[in-house]
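Positions are given from 1, in the same order as the sequence printed here. The figures here come from the full heavy-atom set of this structure, side chains too, leaving out hydrogens, waters and symmetry mates.
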Amino acid sequence: MKLHCLSTRTTFTALNKNGSAQALPKFKLSGEEFLSKLLDRRWTLLSPDTKIHQIMVSSTKGQNSGGVLSNVSFLNNNQPYLGNKMFEDNQGLSFYIVRDDLLHPFVNGNKARKLDGLLPLIEDHDVTDVVTCGGCQSAHAAAVAVSCAERGLKSHLLLRGEQPAILTGYNLISTIYGNVTYVPRSFYAHREKMLETHASMVAGSSGNVVYCNDIIDAFITAQTFERSKFVQMDAPRGTKSHSTKVLVVNEGAGDAVALLGLFRLVDYLSQDHLLGRTRAFNFVVDSGTGTTAVGLGLAALCLGLPWKVTAVMLANTIDAYREQERRLIFEFKRQFCFLLDIHKLNGADDGIVHWVDHIRPRKFGNILEGEIEACQQIAQKTGILVDPVYTLAAWEMATQITTAHGDADVVMLHTGGTLGMFGLAQRYKSYFGMLNDVTKS
């Protein structure tokens, strides 16, 4: 097995049409020009399109039964005024919701965005196998499994802990679409070593192991930025080489390449007929690894958008999230910004995401009394399903900001996560068993 790791000090050269090396051009692009070049590539999603709904918020003064949102009621406007007509909308308190939960039946919205730029890159580099990891009910692992299977790739999923008695939710999807191995928590604590060891085993003595940063660096050194689109190969994947090539994808796809899909989303949303580029929106998103929030913030900064990103911290400390933010920005600058006027990112090092605590802090993965009822209330009033671990946290924050500042222009990114409800129903039988009682009362 060969471990291929390219130096982070890669010299950026490229091949011209005659095949000889040439230096990349020294001129710098504006934010919009840079984004145009960055997005000129092959993608996983056929289109960046997503639905935008408007959630009307009104006070009920305790009329609802139970739940952490018992004092408010919601109504979903699934055909809201957008673009210039948004300024004509005076229907009272509301926030907008980007329905990325509708992108794929089994792949979470934020996972689909993270994989949007990565999967074509994987195909074009003749990767045969993908190794990644996550919790027992990891939405990331399920997304990788499904996406790889759709492209004829093998996925190897290292899941933390023991196999549950009944497979359900994301765990079931991961098992059906991928190759699952359960890993003791003591071993899982050393993720990098764990992933490297398993990838080496999959590769065998004649295969190769590569990482996301490696194939990005290899691409940059092989082509000019003007040709930086991962074009579809004429020959079917797998005809060039019969050796095993294993790609390691970090937990939660927390690599700089995952930011590409978020840039594409921001570019789409900032069109004049949607959210536009002049209104100061406050994007609210739930944060596991924090990659989605950083991608939104960095893209907005590159385009010069007056958008704020508020990320609800769910899985780590604020210091850990800030360190993740710095790491992703550093990697992105190194890999993609050699043509961008670096002054465009002057504010990035000072922080581009407003990290906030969960309204009701708890250990990650736990749910509290009343939260299942809150999800039920939202579903019955709006037809939108949120889960109590991730998206309910974003919904609550969007509601809190909206009610506290009526003209806050809040936009919640619905990242999905609803399949996780099935796993939670096994763990919290008493909470879910109370739903019928709440409905009847």
Can you list every pair that meets salt bridge (Lys or Arg N to Asp or Glu O under 4.0 Å) and has a residue in residues 174-186, with sequence neighbours left out?
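Of all non-adjacent pairs touching residues 174-186, those that pass salt bridge (Lys or Arg N to Asp or Glu O under 4.0 Å) are E162-R185.
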Can you name the residues that form a salt bridge (Lys or Arg N to Asp or Glu O under 4.0 Å) with R322, not counting sequence neighbours?
none
side-chain hydrogen bond (donor to acceptor under 3.5 Å, both in side chains) involving [X] - partner list, sequence neighbours excluded:
X	result
Y321	none
T402	none
Y390	none
T292	none

Is the closest basic N to carboxylate O distance between R334 and D217 below 4.0 Å?
yes
With a 4.5 Å cut-off on side-chain heavy atoms, are I352 and L298 touching?
yes
With sequence neighbours left out, write down each residue that passes side-chain contact (heavy atoms from CB on, under 4.5 Å) with [X], or none if nothing qualifies.
X	result
E331	N213, A256, R327
A320	N316, T317
P48	R113, R264, Y268

Please collect all ring pair (Phe, Tyr, Trp, His ring centres under 6.0 Å) contacts where either partner lies in residues 393-428, sequence neighbours excluded, each pair once.
F74-W395, F95-W395, Y428-Y431
Pair listing, ring pair (Phe, Tyr, Trp, His ring centres under 6.0 Å) test, anchored in residues 128-154, at least two apart:
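Listed once each, the pairs would be none.
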Filter on side-chain hydrogen bond (donor to acceptor under 3.5 Å, both in side chains), then keep only pairs touching residues 250-263, sequence neighbours left out; what's left?
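Only Y188-E251, R191-E251, N250-D255 qualify under side-chain hydrogen bond (donor to acceptor under 3.5 Å, both in side chains).
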Given V266 and L296, is the side-chain contact (heavy atoms from CB on, under 4.5 Å) satisfied, shown in steps?
CA-CA 7 Å; V266 168; L296 291 173; 3.8 Å; yes
Determine the interplanar angle of the F281 and F283 rings, folded into 0 to 90°, and report it as parallel if under 30°, tilted if 30 to 60°, perpendicular if over 60°.
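Perpendicular: the ring planes of F281 and F283 meet at over 60°.
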